Amino acid sequence: MSEEQKKVDSEIEVDPFTKMMFGVQPRRQPAEDITESASDKKVGDEYYALMEQVDSIMESVNKLKPMIKEFSPILDYFKK
């Protein structure tokens, strides 16, 4: 075995069956560092997409306002 594999073996004690089946796993970076940067980007992108959707909904509502005002007497008639 190389010195690197010995270091990994000594740092992470794995049962012999797992070592035989899957081999020695390479060292990984802490998952927190990776997930924090990825989650920050994801949240920012999702927030931006949400704001775009809200903006498009508000534009649609503003375009439909005149039509709704015209149909309001008809709707009032059906309410009676």
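Small disclaimer: the values here were computed from a predicted structure and weren't measured.
Between the CG atom of N62 and the CE atom of M58 there is a distance of 5.5 Å, given to the nearest 0.5 Å. Separation of atoms OG (S60) and NZ (K65) is listed at 13.0 Å; rounding is to 0.5 Å.
L64 and I57 fall into different hydrophobic clusters, defined by Ile, Leu, Val, Met, Phe, Trp and Tyr side-chain heavy atoms under 4.5 Å apart, directly or through other members. No single ILVMFWY cluster, assembled from side-chain heavy atoms under 4.5 Å apart, contains both M67 and L75.
The side chain to side chain donor-acceptor pair (under 3.5 Å) test applied to Y77 returns no partner, not counting sequence neighbours.
Each of E59, E52, M51 was compared with D55 under the side chain to side chain contact (heavy atoms under 4.5 Å, CB included) criterion, and only E59 meets it.
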